[in-house]
> 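Got a structure for you, questions after.
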Amino acid sequence: MPELPEVETVRRGLKELIVGKEIRSAEALESPKSFPNSHEDVAAFLVGASITDVRRRAKVLLIELSSEYTLVVHLKMTGQLVFVGASPLLSSQPQAAARKSLDAGPAVESAPSFEKSSREISSKAGAAPLDVTRLAVDDSTSPSFERERFGAGHPNDSLIGELPDKSTRVIIEFNDGSHLFFNDQRKFGWMKLYPSIEVPNIDFMKKVGPEPLEDDFTAEVLYERLQRRKNTTIKAAILDQTVLAGVGNIYADEGLWGARVHPAMRVKDVAKEQVIELWRELREVMLLAIEKGGSTDKNYVDAEGKRGSYMDFARAFRRDGQPCPRHPDVLIEKSKVAGRGTHTCPVCQMLY
DNA sequence: AAGGTTGTTGGTAT
DNA sequence: TATACCAACAACCT
């Protein structure tokens, strides 16, 4: 479940790899929901554009384009992005005649139509279509370590296997022959093109709370923002993206365990000192996760295809039945708070 | 094999 | 109007 640290890991990795690259083609497979822009908008504002920056707000990834459009990506629960570099064996392939001038800026007055969803979005006529077979054959016959590869997001085997696979929703090909795959085994995630200037006006962007890792996000800011949800549980409050940005079920449980606060406690009953502890813990656990590569310790996949271990540093999340790290003879319990699976130590985190 | 899983939206209730 | 709560979404996993 990509949360802030996982999306930040995606951002950092992709920024290194795709800034400056020009898009040769983009293809949506099978699911209009995953990429609802019209064929026309894709041809006009994505194909032929180059990547100028990769940013993040909350759990949302913002891929900035030279066309003054932004590819906005939400991985939701099972989304992931995988970059696969051009095969050295194929590096001499012809650069398709995908040159396209985008001198005139896009008309920002008219937002792209998301209602019109095309079943398949392909590159403009004349650009080389992705040869799926070739890619698959290469991956099975020549060792994958020949290619630069980076993947992050939901940690499943699509990070390391042949792509595209059955979870692939969108394929973006760059002019140098490298590819970016958007995979999502469930179909909650999406990517959409917006005029860059419109991004701040997206409903989510208007109401989302402060970035917890920014310097101006002090314990005082968290305390004050929590007051708007004083009658709900502290877990529901920190999961609320309008209170603060980026916390999901994993880091909610980890942060609350760290601060020794019971998730079901009402916000109004959480002492200010506990809020300060929670502030410290949430930031620490998310920073640690970013250091570790966002819940997986191997996002850069090597030739052996080692899969990242999942949340091996969690102290409470999905550790029910295992000892609390602070109390060797007390087991982590599982319950339901805020409609979510919740993991607590019955000794550290007491409810009143 | 049916129920659990989760981020966000949107509906209903208070 | 604001806040609280929960079903719905999808498809794999246990």
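First the proteins, then the strands, lettered A, B, ... as listed; each starts at 1. Below, each value reflects all heavy atoms present in this structure, side chains not excepted, and no hydrogens, waters or symmetry copies.
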> Rounding to a whole Å, what distance do you find between A/Leu239:CG and B/dG7:C1'?
9 Å

> Without decimals, in angstroms, what is the distance between A/Lys33 NZ and C/dA8 P?
15 Å

> Please determine whether a side-chain nitrogen of the Lys or Arg among A/Arg315 and A/Glu281 lies less than 4.0 Å from a carboxylate oxygen of the Asp or Glu.
yes

> If the cut-off is 4.0 Å, is A/Gln241 near the phosphate of B/dT8, judged by side-chain N/O to OP1 or OP2?
yes

> Mind calculating the distance between CG (A/Asn183) and C1' (C/dC12) to the nearest angstrom?
15 Å

> Taking side chain to side chain donor-acceptor pair (under 3.5 Å) as the definition, give me every residue that meets it alongside A/Ser178, ordered by chain and number, with sequence neighbours left out.
A/Asp176

> Going by atom types only, do A/Thr342 and A/Lys235 share a side-chain donor-acceptor pair under 3.5 Å?
yes

> Specify the separation, in whole Å, of atom CE of A/Met191 and atom C1' of B/dT8.
18 Å

> Among B/dT5, C/dC12, B/dG7, which is the nearest nucleotide to the side chain of A/Lys59?
B/dG7

> Can we say A/Glu6 and A/Lys59 salt-bridge, meaning some charged N sits less than 4.0 Å from an Asp/Glu carboxylate O?
no

> Output yes when at least one side-chain N/O atom of A/Lys187 is less than 4.0 Å from OP1 or OP2 of C/dC9, else no.
no

> Take the protein atom CG of A/Asp240 and the nucleotide atom C1' of B/dT8, then report the distance between them rounded to whole Å.
11 Å

> Rounded to the nearest angstrom, tell me the gap between atom CG in A/Leu4 and atom P in B/dT8.
11 Å

> OP1 or OP2 of B/dG7 sitting under 4.0 Å from any side-chain N/O of A/His74?
no

> Taking atom types as modelled and ignoring hydrogens, do the side chains of A/Ser158 and A/Asn183 form a donor-acceptor contact shorter than 3.5 angstrom?
no

> On the 0 to 90° scale, with breaks at 30° and 60°, tag the A/Trp190-A/His74 ring pair as parallel, tilted or perpendicular.
tilted

> Charged N to carboxylate O below 4.0 Å: is that the case for A/Glu64 and A/Arg55?
yes

> Check A/Lys272 with A/Glu220, please: is the shortest side-chain N to carboxylate O separation under 4.0 Å?
yes

> Output the single nucleotide from C/dC9, B/dT8, B/dT5 whose closest atom is nearest the side chain of A/Arg340.
B/dT8

> Can you measure A/Lys206 atom NZ to B/dT8 atom P for me and round it to whole angstrom units?
18 Å

> For nucleotides 1-4 of chain C, which of its nitrogen or oxygen atoms have a protein nitrogen or oxygen under 3.5 Å away, and what is each distance?
from, atom 1, to, atom 2, distance (Å)
C/dA4, OP1, A/Asn231, N, 3.3
C/dA4, OP2, A/Arg229, NE, 2.6

> Quick one: which of C/dC12, B/dG7, B/dG4 gets closest to the side chain of A/Lys334?
B/dG4

> Between A/Ser196 and A/Thr70, do the side chains contain a donor N or O and an acceptor N or O under 3.5 Å apart?
yes

> Taking only nitrogen or oxygen atoms into account, show me every contact under 3.5 Å that the protein makes with nucleotides 9-14 of chain B, one pair per line with its distance.
none

> Using a strict 4.0 Å threshold on nitrogen-to-oxygen distance, state whether A/Arg280 and A/Glu284 make a salt bridge.
no

> Looking for any heavy atom pair under 4.0 Å, which part of the strands does A/Gly339 touch: base, sugar-phosphate only, or nothing?
nothing

> Report the distance from atom NZ of A/Lys336 to atom C1' of B/dG4, rounded to the nearest whole Å.
7 Å

